[in-house]
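Report on the following structure.
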Amino acid sequence: MTLIHTLTKFLNPTELNIIANIKLKGKESQVRDMIISMRDQDDLDKDLIQKKLEINRSHLDKIFAILLSKFYMYIVPDGEMALLRYLRDRLMFQHLFHEIKMMEKALPFEKMERAEAEQYCREFFNYTVDVPAKNFDEKRARSYANKYIHYAQEARKVDLYIKSKIAFSRLVVLANTEPKEPQIKETLLMLTELEKDALRFGGLDSQVNVNKSFVAYYAYIDPNPDLRLHYLLEIYYAYKDQPNFPLIDKAITDLNIGEVYFEKNNFQKSYEIYKDTFEKYSYLLKSQYNHYARMIELALILGETDFARQTLKQVYSVFLETKHESHGVAAAIIFTKYYFITDRPSKAHKHILLGKEFNSKSVYFNYEIAIRMLECIYFGIKGDKHFAIELAKKGLKFIKSRGISVKTYKKARFFNLFISIIECSISGARLNSKAAKVLEDYHYGYDRLSGMILDKLILELEKK
């Protein structure tokens, strides 16, 4: 898909109106109009454009490049760095990496003051490392890291800063795949060594980044709310003697503290922290989609379905419309849960199918498991019991195919529980004590919403 086409697909109505009214001449104007007219297609019909304008592919590509630059200039008139922030916030990473590469080539680094060159390289590094798992390319990030160190005035501190940021991004990738025991041990060892170095040699940035990495580790790799809270408080302590606690760090730390309360089963407290933090710092937290999902889940748990619906529409609808690779899947999953809770299984199934269409199994393992779980529930609710059991067995088989033990992998228990629920529905028997305990566990912490959906499944099965 061409860059200019994906840009127009992501533009909101105001931005689309801006580019539609740019004063252009000749073929540039014609191409712009045709691009807008093809916005809803999967890609531009280049052959058709060439035929209508009687130009070759090289000429067309040149017009695309000129128009892309003009569109950027009119949509984001505040300069190149503002454009990078815009592309990052809109999750247009293909565009972001392309623009960074173009800027890198154009900038006269050797003629700059060292501090200015260092600042550019730091920005380029951060924009390539602070990305979703799907978009993280360690080789690309390290290429900018090497340039950053080259111009750094405090190379040792910068080296630790780079290591801590890359460690966090590796954790993001690991959290979205199927981490195995050796990887988990290796990751913890890496973080422990980084923590020691950051305390001895690193600056404030390095110490905070290491603490953030531990927060992620104890959230997604080896869940432990108490240790997560410990490292969240370490972030506060790190800033206690500083004149200013960066608002973005404070806001995200507060969201993470809210998440700890979620895991500890204090849903009301967690919900209040989430709502308060998003209301105070909404302008800073536009890209905190995982936390938005948590807040929506809490709203559904607490019966705040109108707020959940409004937030879903405001935050996630665009990712379904644009078929976004990672956030589109997350959107499909959270919409599915909303429709199950509000008793609209047909709409839930529609979003399950969207999730299956958007997801990349090789990258987002956890999303794949979540989609399979929700698909089982749908067919269970619809009464197709034997097919639902087959889906659950396929879920277990999929987990095994990744070299993961279904006895130790926590999410495998869902499929075993689901099979037990359906089989008991068929036979008229009651759940055995082991399955009943697993079902009870699904009513606490992060699993609470899934437990509520399972309760709805059981009620539907009883009716049938």
Side-chain angles (χ1 to χ4, degrees), residues 1 3 6 10 84-104 121-149 158-180 182-184 186-188 190-191 194 205-206 208-222 248 252 256 286-293 319 322-331 333 358-370 402:
M1 196 179 292
L3 288 172
T6 52
F10 270 88
L84 297 187
R85 287 194 294 275
Y86 169 85
L87 294 174
R88 177 202 61 195
D89 292 345
R90 297 297 289 273
L91 306 177
M92 291 189 276
F93 294 106
Q94 185 184 8
H95 298 72
L96 175 65
F97 301 145
H98 178 265
E99 289 307 305
I100 289 173
K101 191 174 182 179
M102 294 300 103
M103 281 182 65
E104 183 191 11
C121 293
R122 178 187 172 101
E123 293 289 339
F124 292 162
F125 169 69
N126 283 332
Y127 280 126
T128 54
V129 77
D130 295 332
V131 295
K134 175 82 173 180
N135 305 101
F136 179 59
D137 180 337
E138 187 166 333
K139 184 178 178 181
R140 175 169 48 214
R142 285 195 177 278
S143 72
Y144 291 108
N146 292 337
K147 204 159 190 174
Y148 180 18
I149 289 178
V158 167
D159 182 52
L160 277 170
Y161 175 83
I162 288 167
K163 287 178 179 177
S164 64
K165 296 282 282 190
I166 288 178
F168 183 85
S169 292
R170 284 181 182 173
L171 277 169
V172 171
V173 173
L174 199 60
N176 283 282
T177 55
E178 56 279 18
K180 300 177 178 66
Q183 290 174 301
I184 294 172
E186 181 185 345
T187 303
L188 183 57
M190 173 188 68
L191 291 178
L194 269 178
D205 284 348
S206 298
V208 169
N209 285 331
V210 170
N211 287 328
K212 287 178 182 176
S213 295
F214 271 110
V215 170
Y217 178 86
Y218 287 117
Y220 306 116
I221 310 301
D222 184 13
I248 184 64
I252 293 175
N256 281 316
K286 291 177 181 178
S287 62
Q288 294 299 311
Y289 300 108
N290 287 339
H291 285 300
Y292 269 116
F319 299 124
T322 57
K323 300 182 179 181
H324 195 276
E325 289 176 309
S326 58
H327 294 295
V329 187
I333 290 169
F358 300 160
N359 194 37
S360 171
K361 294 181 188 179
S362 62
V363 179
Y364 294 110
F365 174 80
N366 288 334
Y367 285 166
E368 180 65 22
I369 295 298
R402 296 304 185 96

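In this text the structure is predicted, and so the values were computed from the model without any measurement.
With sequence neighbours excluded, the residues that form a salt bridge (charged side-chain N to carboxylate O under 4.0 Å, His left out) with D130 are K165. Partners of E186 under the salt bridge (charged side-chain N to carboxylate O under 4.0 Å, His left out) rule, at least two apart in sequence or in another chain, do not exist in this structure. Taking the salt bridge (charged side-chain N to carboxylate O under 4.0 Å, His left out) definition, one finds that R142 meets it with E138, sequence neighbours left out.
Taking all atoms of both residues into account, the shortest heavy-atom contact from F93 to R88 is CZ-O, 4.4 Å. Closest of all the heavy-atom pairs between R170 and F136 is N-CE2, 4.5 Å. Contact detail for T128 and A141: the closest heavy-atom pair is OG1-CA, 3.6 Å. Scanning both residues, V173 and A133, for their nearest heavy atoms gives CA-CB, 3.8 Å. Between D89 and Y289, the shortest heavy-atom distance links the atoms O-OH, 3.9 Å. Heavy atoms only, all atoms of each residue included: Y127 and V131 are closest at O-CG1, 3.4 Å.
Here the side chain of Y364 pairs a donor or acceptor atom with the backbone of K134 at under 3.5 angstrom. A donor-acceptor pair under 3.5 Å is formed between the side chain of S169 and the backbone N or O of V129.
Side-chain contact annotation: R140 with Y144, donor-acceptor N/O pair under 3.5 Å absent. Inspection of the Y161 and N126 side chains reveals an N or O donor paired with an N or O acceptor under 3.5 Å.
With values rounded to the nearest 0.5 angstrom, F358 atom CZ is found 6.5 Å from K323 atom NZ. Distance check, rounded to the nearest 0.5 Å: CZ of F10 to CG of L87 gives 10.5 Å. Rounding to the nearest 0.5 Å gives a distance of 10.0 Å between CG of N359 and CD1 of I369. I333 CD1 to E368 CD: the interatomic distance, rounded to the nearest 0.5 Å, is 9.0 Å. Annotation: the span from L194 atom CG to F214 atom CZ amounts to 8.0 Å, rounded to 0.5 Å. Between the OG1 atom in T6 and the CE atom in M92 there is a gap of 7.5 Å [rounded to 0.5 Å].
When side chains are defined from C-beta on, N256 counts as touching H291, because their heavy atoms get closer than 4.5 Å. The shortest side-chain heavy-atom distance between H327 and P132 falls under the 4.5 Å cut-off. Using a 4.5 Å heavy-atom cutoff, the side chains of I221 and Q183 are not in contact. At least one side-chain heavy atom of F125 sits less than 4.5 Å from a side-chain heavy atom of I162.
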Yes or no on side chain to side chain contact (heavy atoms under 4.5 Å, CB included) for L91 and F319, after CA distance, side-chain angles and deciding distance?
CA-CA 10 Å; L91 306 177; F319 299 124; 3.3 Å; yes
Checking M103 against L84 for the side chain to side chain contact (heavy atoms under 4.5 Å, CB included) test, could you report, in this order, the C-alpha distance in whole Å, the side-chain angles of both residues, the deciding distance, and whether it holds? CA-CA 10 Å; M103 281 182 65; L84 297 187; 3.8 Å; yes
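Taking the ring centroids of H98 and H95, they lie at or beyond the 6.0 Å cut-off.
Between D205 and K212 there is no salt bridge, since no side-chain N of the basic residue sits under 4.0 Å from a carboxylate O of the acidic one. Classification of D159 and K163 as a salt-bridged pair holds, one side-chain N sitting under 4.0 Å from a carboxylate O.
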